[in-house]
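See below for the structure under consideration.
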Amino acid sequence: MTAYEQMAKFEIGLDMGLLTMDDLRTFLNAALREKDVPYLYTDVFLSLDKGQEDVVNTIFYNLQGHYTADRGAGNAVQRALIGEIRDRYASGAIDRKQCVTFLHCLTDYADGDWNLLSIDEYYKLNQSGYCSDEELEARLRGIFALAE
């Protein structure tokens, strides 16, 4: 992923509540140890102590004119966030309801991916007994297969 895509991932992830400021701090600490660090990382790092709202605004400001979000299904940022959701679900850090909620939230940041749009409905059907756990898990695996 490009630096701009990475920061777009964090902007969306922070906004959704999937990623935390600690996740961003860990990423930036590792990235800033490398040579030829994009200024974007330095600027965002310097805003970390100002709070999440300032960090998101800093990312947003830095992306302007440099990165246009690809709202199509399966873009790099969406795939990375799906991978993050998959990993947190697999590790037990989030439960099935949170997993579905995060996946459904991605529809706010991407144009109509049917799998993402329908996952919330499959979850509701599962909760009311019209869809088995196996069917819901199969749907989740299908979405997780989109991750990079």
Side-chain angles (χ1 to χ4, degrees), residues 1-127 136-148:
M1 291 180 77
T2 69
Y4 294 111
E5 289 170 331
Q6 282 287 2
M7 288 299 101
K9 175 186 119 178
F10 277 103
E11 179 185 20
I12 294 169
L14 287 167
D15 190 44
M16 287 175 30
L18 173 66
L19 300 175
T20 66
M21 292 288 286
D22 286 339
D23 295 328
L24 178 58
R25 187 179 306 277
T26 300
F27 171 79
L28 290 172
N29 280 331
L32 290 172
R33 290 188 182 107
E34 302 295 321
K35 291 194 281 184
D36 299 325
V37 177
Y39 176 75
L40 170 62
Y41 290 176
T42 305
D43 199 23
V44 172
F45 183 79
L46 292 173
S47 72
L48 286 175
D49 292 334
K50 296 178 183 175
Q52 184 168 324
E53 186 176 336
D54 280 346
V55 168
V56 170
N57 287 336
T58 300
I59 294 170
F60 178 79
Y61 173 77
N62 278 284
L63 294 181
Q64 300 305 303
H66 298 284
Y67 176 76
T68 302
D70 175 6
R71 293 184 56 86
N75 66 61
V77 174
Q78 184 185 52
R79 288 192 319 267
L81 287 166
I82 290 171
E84 191 70 39
I85 295 166
R86 176 201 59 213
D87 295 346
R88 289 177 189 228
Y89 179 60
S91 72
I94 60 174
D95 62 22
R96 185 185 292 164
K97 181 176 179 18
Q98 292 169 311
C99 174
V100 168
T101 300
F102 285 133
L103 289 170
H104 186 72
C105 283
L106 281 178
T107 61
D108 291 343
Y109 304 97
D111 290 334
D113 181 344
W114 175 248
N115 289 317
L116 291 176
L117 286 171
S118 67
I119 194 63
D120 192 47
E121 295 305 316
Y122 275 96
Y123 180 76
K124 289 174 186 173
L125 289 170
N126 174 265
Q127 294 303 298
L136 180 58
E137 287 297 323
R139 289 284 175 180
L140 288 172
R141 282 191 304 275
I143 293 171
F144 293 156
L146 300 172
E148 53 180 16

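FYI, the numbering just counts along the sequence from 1.
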Item to check | Donor-acceptor side-chain pairing of Thr20 and Asp23 below 3.5 angstrom | outcome: yes
Next on the checklist: Would the distance check show the side chain of Gln64 and the main-chain N or O of Phe60 forming a donor-acceptor pair, the cut-off being under 3.5 Å?
Outcome noted: yes
Checklist entry - Side chains of Ile12 and Leu18: closer than 4.5 Å at any heavy-atom pair? => result no
Item to check | Distance in Å, Ser47 OG paired with Gln52 CD, rounded so as to fall on 0.5 Å steps | outcome: 11.0 Å
Checklist entry - Can you tell me how far the CG atom of Leu106 sits from the CD1 atom of Ile119, to the nearest 0.5 Å? => result 12.0 Å
Checklist outcome for this item: Residue set satisfying salt bridge (charged side-chain N to carboxylate O under 4.0 Å, His left out) with Asp43, at least two apart, ordered chain then number -> none
Next on the checklist: For Phe144 and Tyr89, take the angle between the two ring planes, folded into 0 to 90°, and tell me which bin it lands in: parallel under 30, tilted 30 to 60, perpendicular over 60.
Outcome noted: tilted
Item to check | Short side-chain to backbone donor-acceptor contact, Asn57 and Glu53, under 3.5 Å | outcome: yes
Next on the checklist: Under the salt bridge (Lys or Arg N to Asp or Glu O under 4.0 Å) definition, can you give me all pairs with a residue in residues 29-42, not counting sequence neighbours?
Outcome noted: none
Item to check | Basic-acidic side-chain contact under 4.0 Å: Glu5, Lys9 | outcome: no
Item to check | Value rounded to 0.5 Å, distance of CG in Leu140 from CZ in Arg96 | outcome: 7.0 Å
Item to check | 4.5 Å side-chain heavy-atom contact, Arg139 and Ile143 | outcome: no
Checklist outcome for this item: OG1 of Thr101 to OH of Tyr123, rounded to nearest 0.5 Å, is 7.5 Å
Item to check | Value rounded to 0.5 Å, distance of CG in Asn62 from CE in Met7 | outcome: 9.5 Å
Checklist entry - If we only count heavy atoms from C-beta on, is the Leu48 to Leu24 side-chain gap below 4.5 Å? => result yes
Item to check | CG-OG1 distance between Leu28 and Thr42, expressed to the nearest 0.5 angstrom | outcome: 8.5 Å
